Amino acid sequence: MQSGFRAGHGCTSATLKVLNDILTAIDKKHYRAAVFIDLAKAFDSVNHHILIGRLDSLGFSNDCLAWFTNYFSDRVQCVKSEGLLSGPLAVSMGVPQGSILGPTIFSVYINEVALAAGESLIHLYADDTILYTSGPSLDTVLTTLQASFNAIQLSFRGLQLLLNTSKTKCMLFNRSLPVPTRLSNITTLDGSDLEYVDNYKYLGVWLDCKLSFQTHIKHLQSKVKSRIGFLFRNKASFTHAAKHTLVKLTILPILDFGDVIYKIASNTLLNKLDAVYHSAIRFVTKAPYTTHYCDLYALVGWPSLHTRRQTHWLHVIYKTLLGKVPPYLSSLVTIASPTCSTRSSRYISLVTPKTNSFFGRLSFQFSAANDWNELQKSLKLETLISLTSFKHQLSEQLTDYCTCT
């Protein structure tokens, strides 16, 4: 059993851990199956009495318990429609959504559900839950997953949280092993069969059963194209500075989010993102369509998407070394102990785990160690420095050079 959620950390770390586990299982030629659990109105279903009891068991003082009790008391809601306001209705359950405390309180409320996962792994991130397991036999995997899913449902019922069966899905990650034409169903305690899907949006990233990220990149393409189309149709309304700012605020965040996760996609798919990125730069620079992409980068002063992804990836690795990521991710890297005294042994290096296949080399624990050690050939850090200093040194290392002839 493994509980994955830590309040306040980005969902990128959570997805990297899940992806690492899936790739590691595939590397061992194991089947990996998962249930993506969706709860009906999760934040609105928090029972205040159960929550206060949970806070009490965690050692909160009587003054804190009194404060939280007061925080949840005497809340009302009403509806306004066409200028008419309904009467107030008392709110006896739930945590205030949109508040700073909301996700943290919900996480405290739900966190002990992880204890029921049994032989499966579970990753909780607020109300997003994934339950998954692996093994050399598909029948064993599905049996274990069913047993864990049953126990998790009972835990949710104890917290008065309802499963949203129609949105709770199963997925079998089957990139390298044969799969029967008909799979055994995973069922709810009420007897409903969960649907098997080939794609599922988990914490903002579309995961597919082949881990190709084709669906995710297709969604990114569509979203960016839509925004670029709007910008081009209204280009006469924007100054050059406004165009530059609009692209940085509306286009780049879409391409940057989760890029350290989908970076393992094929070059054919990643090149499709390059195309929309170049269109965005042409909007800013007014460069003709025939302008080479190397010239586009120089005109706008931005790096290629490949360099952006690599930069973000190395930032994640270094945050891992500094302990600025959740423990479930930092535990996947190990600083090597030098076996002999040489010049290179003074530099910080990571232990590269053994892998059996291409899939294992895509896992976080392998690729983070491998890419860090490669960077150290030029960076040559002997001690850990601040994150700001590292970013500065890295920016000098990662530079786009046009290799076109």
Side-chain angles (χ1 to χ4, degrees), residues 9-21 23-24 203-205 211 213 216-217 220 248 252-267 269-271 273-274 277 297 301-336 344-353 355 358-403:
H9 291 285
C11 54
T12 296
S13 295
T15 310
L16 279 174
K17 175 62 171 68
V18 171
L19 185 61
N20 176 83
D21 292 343
L23 289 167
T24 302
L203 299 180
V205 176
L211 293 181
F213 291 96
H216 184 71
I217 289 177
L220 290 184
K248 289 192 71 173
L252 295 187
I254 297 175
L255 297 172
D256 287 345
F257 179 80
D259 59 355
V260 298
I261 299 165
Y262 70 76
K263 74 180 184 65
I264 68 173
S266 67
N267 287 333
L269 289 173
L270 293 175
N271 288 342
L273 296 182
D274 288 337
Y277 181 52
Y297 302 149
W302 294 343
S304 65
L305 285 184
H306 171 77
T307 298
R308 291 181 72 90
R309 286 191 294 268
Q310 189 67 3
T311 300
H312 298 154
W313 170 240
L314 292 170
H315 287 173
V316 170
I317 296 173
Y318 197 69
K319 287 178 182 178
T320 303
L321 296 181
L322 292 176
K324 293 182 178 292
V325 299
Y328 56 74
L329 196 61
S330 59
S331 64
L332 297 178
V333 299
T334 304
I335 296 179
S344 60
S345 68
R346 298 201 306 266
Y347 308 140
I348 300 171
S349 62
L350 301 179
V351 176
T352 305
T355 59
F358 167 76
F359 305 109
R361 291 189 289 274
L362 294 177
S363 66
F364 179 85
Q365 59 192 86
F366 178 90
S367 57
N370 186 69
D371 291 349
W372 172 261
N373 293 341
E374 187 64 29
L375 175 67
Q376 277 289 65
K377 291 179 181 179
S378 55
L379 198 60
K380 300 180 178 179
L381 285 182
E382 297 183 18
T383 58
L384 294 176
I385 57 179
S386 70
L387 181 60
T388 301
S389 299
F390 173 76
K391 288 181 177 181
H392 176 72
Q393 290 193 31
L394 184 63
S395 66
E396 297 177 346
Q397 295 284 333
L398 299 182
T399 306
D400 282 307
Y401 295 103
C402 185
T403 57

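Predicted, not measured: the structure shown is a model, and the values here were computed from it. We count residues from 1, following the sequence as given.
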Item to check | Working for side chain to side chain contact (heavy atoms under 4.5 Å, CB included), residues H315 and V260 | outcome: CA-CA 10 Å; H315 287 173; V260 298; over 6 Å; no
Would you compute the distance between atom [atom1] of [X] and atom [atom2] of [Y] and round it to the nearest 0.5 angstrom?
| X | Y | atom1 | atom2 | result |
| --- | --- | --- | --- | --- |
| S13 | K324 | OG | NZ | 13.0 Å |
| L269 | F213 | CG | CZ | 10.5 Å |
| L305 | T311 | CG | OG1 | 11.0 Å |
| L314 | L398 | CG | CG | 6.0 Å |

Tabulate below the donor-acceptor pairs under 3.5 Å that side-chain atoms of residues 360-370 make, not counting sequence neighbours, or state none.
from : atom 1 : to   : atom 2 : distance (Å)
S363 : OG     : G360 : O      : 2.6
Q365 : OE1    : N20  : ND2    : 3.0
S367 : OG     : S363 : O      : 2.7

Sorted by chain and residue number, the ring-ring contact (aromatic ring centres under 6.0 Å, His included) partners of Y262 (sequence neighbours excluded) come out as H216
- Message: For L394 and L379: C-alpha separation, side-chain torsions, deciding distance, then whether side chain to side chain contact (heavy atoms under 4.5 Å, CB included) applies.
- Response: CA-CA 8 Å; L394 184 63; L379 198 60; 5.6 Å; no
For [X], side-chain hydrogen bond (donor to acceptor under 3.5 Å, both in side chains) partners two or more places apart:
| X | value |
| --- | --- |
| S378 | Q397 |
| H312 | D259 |
| S389 | S386 |
| N271 | none |

Residue pair L270, H306: steps toward the side chain to side chain contact (heavy atoms under 4.5 Å, CB included) verdict = CA-CA 9 Å; L270 293 175; H306 171 77; over 6 Å; no
Heavy atoms of V325 and V316 approach each other most closely as CG1-O, 4.4 Å
Here the pair of heavy atoms bringing N373 nearest to T352 is ND2-OG1, 3.5 Å
Side-chain contact, heavy-atom cut-off 4.5 Å: [X] with [Y]?
| X | Y | value |
| --- | --- | --- |
| Y328 | D21 | no |
| I264 | L19 | yes |
| L375 | I317 | no |
| L350 | T334 | no |

The complete set of salt bridge (charged side-chain N to carboxylate O under 4.0 Å, His left out) pairs with one or both residues in residues 308-318, sequence neighbours excluded, reads D256-R308
Under the side-chain contact (heavy atoms from CB on, under 4.5 Å) test, which residues partner [X], sequence neighbours left out?
| X | answer |
| --- | --- |
| K380 | Y347 |
| L384 | Y318, L321, L322, I348 |
| F257 | C11, V205 |

